[in-house]
Engineer: 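A single structure is presented below for examination.
Predicted, not measured: the structure shown is a model, and the values here were computed from it.
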Amino acid sequence: MEEKPLMKTLNLIDKLMYEVNSPSSGSSSSSSTNKTAESSQQLCDAATDLTLHQSWLQLPTNTNKRKAKAPVTLENEDRIEKPAAPTNPKHQKLVVSDQENIESNSKGVDCENLHDPEQVARDLTLYKIKKKLTMSDLGNLSRLLVPGYMVKNYVLPLVDADFKQRVESKAGKQVTLKDSDKETEHQLTFRYLKSSKSYVFNGKWKEFVRRRDLKKDDEIGIYWNTLDSKFHFSVLNVASQESQAANEMQMSSGAPVTVASKGRAI
């Protein structure tokens, strides 16, 4: 049986080591040197043979090779699963915010700036300034007192600087009050009262009260229309006749009176 290259090499190494470390006593130095050289040459030849003949080595097979990816073609492009695009939370928030802004703007549109006043005369949501009339609003002072915060919130932001300056002057600003219920217009003076920090309509207000037959506890509404630059007026709720009688009795006697409610026509 032919000796395997590995065993042959190992045996030669052992032989060479023995000859070097244990030389025979009867041998000359030149003879020992020749044997050592011969053994060294045999060792080199065995090493060369070991290198050239490696079929005896049982190398392990790599079973964990990475599978080759199939090339992308037009036929299988649609079947290849593509990673989903990463979502951007800021973008999603921006989209939601834009949608919310659109919805809120559609609900919060200032109708008096967009609609024909003739078509929305009885739209009660337009009348931002609302008040139940008091006796001072109906008396000989001929003035309608309006709280200052209402004018600052619902009128002054809609007018120009000249309008504001004239209103705060002693003479006041001449304005048109349109009665949306009767489709009539009236000229009044609108001005600011520093003493009470309120605003008043006066001038021909007493005539307007008499013409509309306004009573105490009638609820009226007013708003500034930017389309025609006029104040629009409407009686939102009327006090009952019995309530008016009760008010007169309370004023004369001071005793509270409770009566049934019955409304007047606007």
Engineer: Not counting sequence neighbours, which residues clear side chain to side chain donor-acceptor pair (under 3.5 Å) with Glu168? List them please.
Structural biologist: none
Engineer: For Leu141, which fellow cluster members are found when Ile, Leu, Val, Met, Phe, Trp and Tyr are connected by side-chain heavy-atom distances below 4.5 angstrom, either directly or through intermediates?
Structural biologist: none
Engineer: For Asn140, does the CG atom sit with more than 12 other heavy atoms under 6.0 Å from it, leaving out its own atoms?
Structural biologist: no
Engineer: Are there more than 12 heavy atoms of other residues, nucleotides or ligands under 6.0 Å from atom NZ of Lys230?
Structural biologist: yes
Engineer: Got a sec, which residues hit side chain to side chain donor-acceptor pair (under 3.5 Å) with Ser142, two or more places apart in sequence or on another chain?
Structural biologist: none
Engineer: What's the shortest heavy-atom distance between Lys216 and Ala239, and which atoms?
Structural biologist: O-CB, 3.4 Å
Engineer: Picking from Lys132, Arg143, Lys131, what satisfies salt bridge (charged side-chain N to carboxylate O under 4.0 Å, His left out) with Asp137?
Structural biologist: Lys131
Engineer: Please verify the inter-ring angle class for Phe231 with Trp224; under 30° counts as parallel, over 60° as perpendicular, anything in between as tilted.
Structural biologist: perpendicular
Engineer: Go through it in stages, so that I can follow the logic: the residues are Asn225 and Lys178, the test is side chain to side chain contact (heavy atoms under 4.5 Å, CB included), and I'd like the CA-CA distance, side-chain angles, deciding distance and then a yes or no.
Structural biologist: CA-CA 10 Å; Asn225 189 292; Lys178 181 173 182 178; over 6 Å; no
Engineer: Side chain to side chain contact (heavy atoms under 4.5 Å, CB included) for Leu145 and Thr134? Distances and angles first, verdict last.
Structural biologist: CA-CA 9 Å; Leu145 191 67; Thr134 64; over 6 Å; no
Engineer: To the nearest 0.5 Å, what is the distance between CG on Asp160 and CZ on Arg166?
Structural biologist: 9.5 Å
Engineer: Less than 4.0 Å between a side-chain N and a carboxylate O, is that true for Asp217 and Lys215?
Structural biologist: no
Engineer: Minimum heavy-atom separation for Val146 to Ser198, with atom names?
Structural biologist: O-CB, 3.5 Å
Engineer: Treating Ile, Leu, Val, Met, Phe, Trp and Tyr as nodes and any side-chain heavy-atom pair under 4.5 angstrom as an edge, say whether Met150 and Val200 lie in one connected cluster.
Structural biologist: no
Engineer: Please enumerate all residues that pass side-chain contact (heavy atoms from CB on, under 4.5 Å) together with Thr184, with sequence neighbours excluded.
Structural biologist: Asp179, Lys182, His186, Arg211
Engineer: Is there a side-chain contact between Lys128 and Asn153 (heavy atoms, below 4.5 Å)?
Structural biologist: no
Engineer: So how far is it from Lys194 NZ to Lys170 NZ, rounded to the nearest 0.5 Å?
Structural biologist: 10.5 Å
Engineer: Check whether any side-chain heavy atom of Lys204 lies under 4.5 Å from a side-chain heavy atom of Leu188, and answer yes or no.
Structural biologist: yes
Engineer: Is there a path of hydrophobic side-chain contacts, each under 4.5 Å between heavy atoms of I, L, V, M, F, W or Y residues, that connects Leu193 with Leu144?
Structural biologist: no
Engineer: Would you say the rings of Phe233 and Phe208 are close, in the sense that their centroids are separated by under 6.0 Å?
Structural biologist: yes
Engineer: Between His232 and Tyr223, what is the ring plane arrangement, given parallel below 30°, perpendicular above 60°, and tilted in between?
Structural biologist: parallel
Engineer: Under the side chain to side chain contact (heavy atoms under 4.5 Å, CB included) criterion, do Val235 and Glu219 qualify, and how do the steps go?
Structural biologist: CA-CA 6 Å; Val235 178; Glu219 183 181 17; over 6 Å; no
Engineer: Output all residues satisfying side chain to side chain donor-acceptor pair (under 3.5 Å) with Lys197, sequence neighbours left out; order by chain, then residue number.
Structural biologist: none
Engineer: Answer yes or no: is there a side-chain heavy-atom contact under 4.5 Å between Ile220 and Arg212?
Structural biologist: no
Engineer: Could you give me the CA-CA distance, side-chain angles and deciding distance for Tyr154 and Ile222, then say whether side chain to side chain contact (heavy atoms under 4.5 Å, CB included) is met?
Structural biologist: CA-CA 10 Å; Tyr154 304 122; Ile222 298 174; over 6 Å; no
Engineer: Measure the CD-CG distance between Glu185 and Asp228 for me, rounded to the nearest 0.5 Å.
Structural biologist: 7.5 Å
Engineer: Looking only at non-hydrogen atoms, find the nearest pair between Arg191 and Ala171 and report the distance.
Structural biologist: CD-O, 4.4 Å
Engineer: Gln165: what forms a side chain to side chain donor-acceptor pair (under 3.5 Å) with it, not counting sequence neighbours?
Structural biologist: none
Engineer: Any heavy-atom pair between the side chains of Tyr199 and Val155 that's under 4.5 Å?
Structural biologist: no
